[in-house]
K.L.:
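Got a structure here, written out as structure tokens. Questions coming.
Indexing begins at 1, ligand by ligand and atom by atom, following the structure's order. Since this is a predicted model, take the numbers as computed values, not measurements.
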Amino acid sequence: MSKRLRKVVFPVAGLGTRFLPATKAVAKEMLPVLDRPLIQYAVDEAVDAGADTLVFVTNRYKHAIADYFDRAYELEAKLESKGKDELLAQVQGTLPRHVRAVFVTQPEALGLGHAVLCARPVVGDEPFGVMLPDDLILNEDGPGALRQMADAAMSADGGVIAVEEVPRDQTHKYGIVAIGEPIDAHAAPITHMVEKPRPEEAPSQLGVVGRYVLPGRIFELLEQTRPGSGGEIQLTDAIEGLLHQQQALAYRFQGRRFDCGNKLGLVRATLHLAQRDPELAPAIEAFLRTN
Ligand code: UTP
């Protein structure tokens, strides 16, 4: 893969059942971590990686995501007339001007693999990124996780999949990879991949997390993928198919991941950022000491 990563797909059509009842009306990706919705952190990371086309795979309940990235003329006019320039810049800055957002509907929640397949007409056959916004990854002192992976993809031919060491008793929550001889401190070729194995069947403790760089070839494999674990069309199964044709690397990114797909992870991410905010930190520390 030698081209720059231009397109990134955000599969955000899931039902978000772990945040019910909030997600009855609010898309999970719009839940805030401090003052920004989860999706904003992912979009910033994609733009940092060089993307100029963001493909959101949504369902018919998720208008809020499109509204969020759209212009808000009345609000902008009001902020401008009141001279609230800093707020205006924030409202206008959700998406840089050179980046376009494309919205595609997944008619039925048939699984992550199916959601990615829905983006095919926009992506075509070039390499692309996939980001799951509920994995919030912060690398405060360096490039974002997707940029690190895009750089690794320049020298790889197949795909690059983000992995992280997970506790043995948690393997049933992840796609788990087996790897060959490491290429460097971060990357190793994947030899095998299993979706949500029981601990005793897991080939390692390296769990796949929500960042992928994939070749366009994955779409053909997704077309042929039948429902797997949980009755859903799994991205992991298509990547396992890819491994028979091309190399894919497991990539241990630099940065800290918060699994904001569940309540504990969302609270942790919020606290982490609040403790790093000079205005909030003293009050948060005092609260944590006395609560
Ligand atoms: P999750 O497994 O986290 O499911 O999906 P979910 O529906 O978002 O949340 P819970 O488990 O019910 O609380 C992983 C990612 O795949 C997307 C989700 O939006 C999320 O980003 N997804 C999943 C789809 O876009 N379509 C699907 O059919 C399934």
Side-chain angles (χ1 to χ4, degrees), residues 7-31 33 37-43 45-46 54-66 68-69 101-123 128-137 145-146 161-164 166 170-176 193-197 207-212 214 218-219 222-223 225-239 257-267 269:
K7 296 178 179 170
V8 173
V9 175
F10 300 86
V12 289
L15 300 175
T17 53
R18 283 170 287 173
F19 281 107
L20 281 171
T23 43
K24 242 179 107 181
V26 182
K28 173 171 72 173
E29 298 74 19
M30 290 305 296
L31 296 175
V33 178
L38 263 177
I39 191 82
Q40 182 73 62
Y41 294 89
V43 161
E45 190 184 321
L54 310 182
V55 189
F56 298 91
V57 182
T58 66
N59 64 34
R60 61 186 176 284
Y61 304 110
K62 296 207 173 176
H63 300 292
I65 297 176
Y68 177 76
F69 288 110
V102 180
F103 292 85
V104 174
T105 304
Q106 184 188 25
E108 247 185 292
L110 296 178
L112 173 60
H114 180 260
V116 172
L117 184 56
C118 292
R120 185 180 198 175
V122 186
V123 174
F128 65 104
V130 174
M131 297 182 75
L132 309 189
D134 40 359
D135 272 332
L136 170 55
I137 301 179
L146 193 68
I161 320 285
V163 296
E164 192 176 78
V166 299
Q170 303 278 306
T171 58
H172 63 288
K173 296 183 179 165
Y174 293 86
I176 300 287
M193 206 163 166
V194 204
E195 184 63 19
K196 301 191 169 75
V208 173
V209 302
R211 302 289 183 276
Y212 309 76
L214 297 170
I218 198 75
F219 291 123
L222 280 168
E223 291 272 15
T225 303
R226 304 273 65 90
S229 172
E232 297 194 329
I233 296 177
Q234 297 290 352
L235 183 58
T236 305
D237 292 342
I239 295 172
R257 179 180 74 102
F258 295 90
D259 179 0
C260 295
N262 66 68
K263 289 172 226 175
L264 181 61
L266 191 75
V267 171

K.L.:
Please output the residues near ligand 1 using a strict heavy-atom distance under 4.0 Å, listed in chain and residue-number order.
P.N.:
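Within the 4.0 Å shell of ligand 1, which is judged on heavy atoms, sit Pro11, Val12, Ala13, Gly14, Leu15, Gly16, Thr17, Arg18, Lys28, Glu29, Gln106, Ala109, Leu110, Gly111, Leu112, Ala115, Asp134.
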K.L.:
For the CG atom of Leu266 and the CZ atom of Arg18, what is their distance to the nearest 0.5 Å?
P.N.:
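If I round to the nearest 0.5 Å, the distance is 11.5 Å.
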K.L.:
Between CD1 of Ile65 and CD of Glu29, what distance do you get to the nearest 0.5 Å?
P.N.:
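One gets 4.5 Å once the value is rounded to the nearest 0.5 Å.
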K.L.:
Could you list the residues that satisfy side-chain contact (heavy atoms from CB on, under 4.5 Å) with Ala269, not counting sequence neighbours?
P.N.:
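Partners of Ala269 under the side-chain contact (heavy atoms from CB on, under 4.5 Å) test: Val33, Leu136, Phe258, Cys260.
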K.L.:
Quick one: side-chain contact (heavy atoms from CB on, under 4.5 Å) partners of Ala115, sequence neighbours excluded?
P.N.:
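For Ala115 the side-chain contact (heavy atoms from CB on, under 4.5 Å) partners, ignoring immediate neighbours, are Pro11, Val57, Gln106.
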K.L.:
Roughly how far, to the nearest 0.5 Å, is CD of Glu195 from CD1 of Ile176?
P.N.:
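The distance works out to 9.0 Å.
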K.L.:
Of all residues at least two apart in sequence or in a different chain, which pass the salt bridge (charged side-chain N to carboxylate O under 4.0 Å, His left out) check with Asp134?
P.N.:
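By the salt bridge (charged side-chain N to carboxylate O under 4.0 Å, His left out) rule, Asp134 matches Lys28.
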